[in-house]
Amino acid sequence: MKNELDFFEKVYEICREIPRGRVSSYGAIAKTIGSPMASRMVGWAMNKSHSVSPNVPAHRVVNRNGLLSGKKFFGTDTMMQQLLENEGVSIENDKVVDFEKLFWNPMKEL
DNA sequence: ACTTTGACTATAA
DNA sequence: GTTATAGCCAAAG
C-alpha cells in the first residue's frame, strides 16, 4: 500500500497548477511538499517530467533568484525563455522580470 | 550497499 | 555583487 503521493508526483501536481503567465520556485514547491530544502529533488522531478503524463510546465519553475536554471534542459538554452515570454512573462538576462510579482505561491493558492 | 550527482538554498567571506 | 562552502533529500550509477 502506498501512503500519499510520491515526492515527484506532488511536484508534478503543483507544477501543473501553476497558472499561465506565472512562475514558481523550487523551494516553494519543496516547502509545500514538506521538505523546505529539498529543492534539488524538485529539479530532479522535472528531469523525469519528460516521462510523466501530461507534460509538466517546468518552464514555469525557476530558482529562487528568478533565474532560468533549467533552460539548458529544454533542448535549447532559449526555449525556456521563449515559452515564458510566450505566456506573457518578460525575461531579461535569463532572469524573470518582476519575479516577485509573477511568483505563484503554491501554499497560498492551494 | 556505497558513492556521486543534481533544473537548489542559505550563510559566510 | 560575486564566489565559496555547507546543508539538504532522493534517485541513479
Side-chain angles (χ1 to χ4, degrees):
Chain A
M1 294 240 329
K2 280 298 171 89
N3 295 345
E4 306 182 9
L5 297 172
D6 289 307
F7 196 98
F8 282 27
E9 288 190 25
K10 289 183 181 178
V11 176
Y12 304 143
E13 285 289 303
I14 296 170
C15 289
R16 294 196 205 103
E17 290 300 307
I18 300 175
R20 174 179 168 285
R22 291 281 197 126
V23 291
S24 186
S25 65
Y26 303 96
I29 296 170
K31 189 173 186 177
T32 306
I33 293 169
S35 299
M37 289 194 141
S39 38
R40 288 178 146 125
M41 277 47 285
V42 178
W44 212 295
M46 294 290 121
N47 196 341
K48 198 179 123 189
S49 66
H50 288 275
S51 299
V52 288
S53 62
N55 66 317
V56 178
H59 58 273
R60 293 182 187 150
V61 183
V62 294
N63 69 358
R64 218 188 178 319
N65 223 358
L67 184 68
L68 284 62
S69 35
K71 64 180 186 186
K72 52 169 31 184
F73 278 64
F74 282 77
T76 56
D77 295 3
T78 56
M79 190 167 192
M80 190 175 188
Q81 179 172 337
Q82 288 179 56
L83 288 169
L84 288 170
E85 289 188 308
N86 186 30
E87 296 189 346
V89 180
S90 301
I91 306 297
E92 189 169 298
N93 194 14
D94 296 328
K95 295 173 306 200
V96 177
V97 179
D98 295 322
F99 173 64
E100 296 181 34
K101 265 201 265 190
L102 299 174
F103 180 75
W104 180 78
N105 190 334
M107 292 187 102
K108 186 175 182 180
E109 302 297 326
L110 294 177

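We name chains A, B, ... by the order of the sequence lines, and we start the count at 1 in each one.
Of the residues in residues 71-106 of chain A, Phe73(A), Phe74(A) come within less than 4.0 Å of DNA chain B through at least one heavy atom, sorted by number. Within residues 16-33 of chain A, the residues that place at least one heavy atom under 4.0 Å from DNA chain B are, in residue-number order, Tyr26(A), Gly27(A). Taken residue by residue, residues 58-70 of chain A places heavy atoms nearer than 4.0 Å to DNA chain B at Ala58(A), Asn63(A), Arg64(A), Ser69(A), Gly70(A).
Of all the heavy atoms in Leu67(A) and Asn63(A), the pair that sits closest is N-OD1, 2.6 Å. Looking at every heavy atom in both residues, Glu13(A) comes nearest to Arg16(A) through OE2-NH1, 3.0 Å. For Tyr26(A) against Gly70(A), the heavy-atom pair with the smallest separation is OH-N, 4.4 Å.
Within the structure, salt bridge (charged side-chain N to carboxylate O under 4.0 Å, His left out) contacts touching residues 54-70 of chain A (residues at least two apart or in different chains) are Arg60(A)-Glu87(A). Screening residues 71-82 of chain A for salt bridge (charged side-chain N to carboxylate O under 4.0 Å, His left out) gives Lys71(A)-Asp94(A) as the qualifying pairs, with residues at least two apart or on separate chains. Pairs engaging residues 20-30 of chain A under the salt bridge (charged side-chain N to carboxylate O under 4.0 Å, His left out) rule: none recorded [sequence neighbours left out].
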Please set out all donor-acceptor pairs under 3.5 angstrom arising from side-chain atoms of residues 32-39 of chain A, sequence neighbours excluded.
unit_1   : atom_1 : unit_2   : atom_2 : d
Thr32(A) : OG1    : Ala28(A) : O      : 2.8

Identify each donor-acceptor pair in which a side-chain atom of residues 41-49 of chain A lies under 3.5 Å from a protein atom, sequence neighbours left out, and give them as a table.
unit_1   : atom_1 : unit_2   : atom_2 : d
Ser49(A) : OG     : Met46(A) : O      : 2.2

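Note that CD1 of Ile14(A) and CH2 of Trp104(A) are 7.0 Å apart. Values are rounded to the nearest 0.5 Å.
Residues passing the side-chain hydrogen bond (donor to acceptor under 3.5 Å, both in side chains) test with Ser90(A): none are found, sequence neighbours excluded. Residues satisfying the ring-ring contact (aromatic ring centres under 6.0 Å, His included) test with Phe73(A), not counting sequence neighbours, are none.
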Polar pairs (N or O, both sides) under 3.5 Å between protein and nucleotides 7-11 of chain C?
unit_1 : atom_1 : unit_2   : atom_2 : d
dG7(C) : O6     : Arg40(A) : NH1    : 2.7
dG7(C) : O6     : Arg40(A) : NH2    : 2.5
dG7(C) : N1     : Arg40(A) : NH1    : 2.6
dC8(C) : O2     : Arg40(A) : NH1    : 2.5
dC8(C) : N3     : Arg40(A) : NH1    : 2.7

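The hydrophobic cluster containing Leu102(A) also includes Val23(A), Val62(A), Leu68(A), Phe74(A), Met79(A), Met80(A), Leu83(A), Leu84(A), Val89(A), Ile91(A), Val96(A), Phe99(A), Phe103(A), under a criterion of side-chain heavy atoms closer than 4.5 Å among ILVMFWY residues, counted directly or through chains of members.
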